[in-house]
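Structure, as structure tokens:
Because the structure is a prediction, the values reported are computed rather than measured. Counting begins at 1 with the first residue of the sequence.
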Amino acid sequence: SCRKHTMGGGKRQAAFAVYPTRRRFSAAMPGTIDEQDPVRYNKGVIIGERRGNMGFFYNYDEVPQEGQPRKRGLARLWEMLGRDFMSFFVAGFLALVGMLPLAGGTVFALYVRRAALAPILGLAGGLIAGPQLCALADAILRSLRDDSGSWWRAYRQAWRRSVRAALLPGALGGSLLSTQIFLLFSAGVLGSPAPVGVALMTGLLLTLGLSSYLWPLLALTELPFLPLIKDAALLFLAQLPRSLAALAVVGLYWGVVLWFFPLAAPMLPLTNLWLPTLPALALVYPGLEQAFGIEEKFREGQESPRDGE
């Protein structure tokens with residue numbers, strides 16, 4: 001039987017535990033997606049269907065052959081970009097559009113200098129941004145697994161599947177992020193002591209660091225909110241060097257955007273959210289694979305329909 005994975009100890013490596021759940025594979029015919037198994041469903045397993053010509057740099061119609069070693073580092077990212085750029089771009093652009101209410105609410109709270117507005121407007125903006133961020137993570141996870149299915153179909157179905165689960169994390173995360181940004185800017189304007197600024201910046205970075213795991217976990221699992229936060233924190237600590245590297249990528253991207261704003265604004269529609277999210281998620285993906293056995297379940301999902309033929 002298929003099992004759902006959570007964390008917190010047990011016989012799995014890196015203190016990961018495994019808990020059984022009621023889940024079944026669909027006996028779907030080729031060309032369909034199993035919506036009952038989140039991992040296989042997330043990967044958009046479509047047997048017998050080839051990827052369309054959605055590449056930007058080169059037309060990779062087929063995924064690497066089984067047994068062929070994957071590229072690593074920058075070569076791997078370039079391979080994924082050549083094959084899946086359009087899926088990254090569209091998913092990242094939609095996520096950027098979903099973030100606009102959150103960004104606008106935070107800027108408005110700063111403009112009118114009303115601290116009480118920051119968490120309220122951030123909560124409303126986070127409700128809108130959450131599902132789009134989860135769908136972006138889903139699209140990148142599918143590419144990391146060399147999924148050859150229809151990415152747009154999988155994107156829409158993943159969005160519908162996770163929209164409710166993403167509302168609460170999005171709302172609370174948006175409220176927290178907006179409040180942190182408001183306090184950080186206010187501390188700079190008021191000339192607060194350096195330790196206060198350092199504490200606020202540390203809290204902001206931790207929020208961004210946890211988000212590197214939160215949205216992929218939502219795309220991969222159906223965990224309740226509190227276990228979801230716990231697993232994101234444990235994963236962050238379990239592979240701390242990779243987590244910090246991913247955080248550095250995200251921080252560098254937004255630091256450059258803010259430093260050169262508004263000159264960098266015309267580039268945002270192109271780079272949107274895929275540019276920082278792709279390398280960041282590629283860095284933390286080994287921990288997700290170790291915890292949840294993504295690739296093993298993906299192979300099982302491919303073999304299951306074939307066994308029933």
Side-chain angles (χ1 to χ4, degrees), residues 54-57 73-74 77-78 80-82 84-115 117-118 121-122 124-126 128-130 132-133 135-137 139-140 143 170 173-192 194 196-198 200-212 215 244-283:
M54 298 298 289
F56 183 76
F57 301 99
L74 293 178
L77 290 177
W78 184 255
M80 293 169 61
L81 279 173
D84 299 316
F85 173 77
M86 284 305 298
S87 64
F88 298 154
F89 171 75
V90 175
F93 183 79
L94 293 175
L96 178 64
V97 172
M99 288 288 293
L100 290 179
L102 173 59
T106 304
V107 171
F108 180 77
L110 286 168
Y111 179 75
V112 299
R113 299 181 181 179
R114 294 290 185 271
L117 287 179
L121 297 178
I128 300 173
Q132 279 65 243
L133 292 172
L136 172 60
I140 296 177
S143 181
S175 180
L176 177 61
L177 184 63
S178 180
T179 303
Q180 289 173 324
I181 294 174
F182 182 92
L183 293 176
L184 186 61
F185 274 86
S186 299
V189 171
L190 297 176
S192 300
V196 175
V198 171
L200 291 172
M201 179 60 71
T202 301
L204 178 62
L205 292 176
L206 285 176
T207 301
L208 294 176
L210 288 180
S211 70
S212 297
W215 304 116
L244 294 178
L247 181 58
V249 169
V250 175
L252 177 63
Y253 176 81
W254 289 113
V256 169
V257 169
L258 292 176
W259 183 264
F260 290 100
F261 197 85
L263 296 178
M267 290 298 296
L268 275 178
L270 177 61
T271 59
N272 51 73
L273 296 187
W274 73 262
L275 185 56
T277 307
L278 174 60
L281 189 46
L283 282 167

What side-chain hydrogen bond (donor to acceptor under 3.5 Å, both in side chains) pairs are there with at least one residue in residues 244-255, not counting sequence neighbours?
-> Y253-T271

For residues 257-268, please give each side-chain donor-acceptor pair under 3.5 Å, one per line with the distance, not counting sequence neighbours.
none

Residues that P101 engages under side-chain contact (heavy atoms from CB on, under 4.5 Å), provided they are two or more places apart | I128

Any residue meeting side-chain contact (heavy atoms from CB on, under 4.5 Å) with V112, in chain and number order, not counting sequence neighbours = F108, R114, L117

A282 meets the side-chain contact (heavy atoms from CB on, under 4.5 Å) criterion, sequence neighbours left out, with L77, L144

Grab the two heavy atoms, one from F85 and one from W274, that are nearest each other, plus how far apart they are.
-> CE1-CZ2, 3.6 Å

Do you know the tightest heavy-atom contact between M80 and I140?
-> CE-O, 4.5 Å

Of the non-hydrogen atoms in G203 and Q180, which two are nearest, and what is the gap between them?
-> O-NE2, 3.1 Å

Kindly compute the distance separating CG (L110) from CG (L184), expressed to the nearest 0.5 Å.
-> 10.0 Å

Exam field: side chain D84 to backbone L81, donor-acceptor pair closer than 3.5 Å = no

Of all heavy-atom pairs linking F88 and S143, the shortest is CZ-OG, 3.3 Å

Nearest non-hydrogen partners of A187 and L200, listed with the distance = CB-CD1, 3.8 Å

dist L247:CG -> L283:CG (nearest 0.5 Å) comes out at 11.0 Å

Shortest non-hydrogen contact between V249 and P279, atoms and distance = CG1-CG, 3.7 Å

Does F89 CZ have over 12 foreign heavy atoms under 6.0 Å away?
-> yes

Those residues that, when tested against A95, pass side-chain contact (heavy atoms from CB on, under 4.5 Å) (two or more places apart) | Q132, L133, L136, L273

How many angstroms lie between atom CZ of F182 and atom CZ of R113, to the nearest 0.5 angstrom?
-> 9.0 Å

Between the CG atom in L208 and the CG atom in L177, the distance rounded to the nearest 0.5 Å is 6.0 Å

For S178, all residues meeting side chain to side chain donor-acceptor pair (under 3.5 Å), sequence neighbours excluded = T106

Calculate, to the nearest 0.5 Å, the distance between atoms OG1 and CG belonging to T207 and L176 respectively.
-> 4.0 Å

Apply side chain to side chain donor-acceptor pair (under 3.5 Å) to S211 and list each qualifying residue two or more places apart in sequence or on a separate chain.
-> none

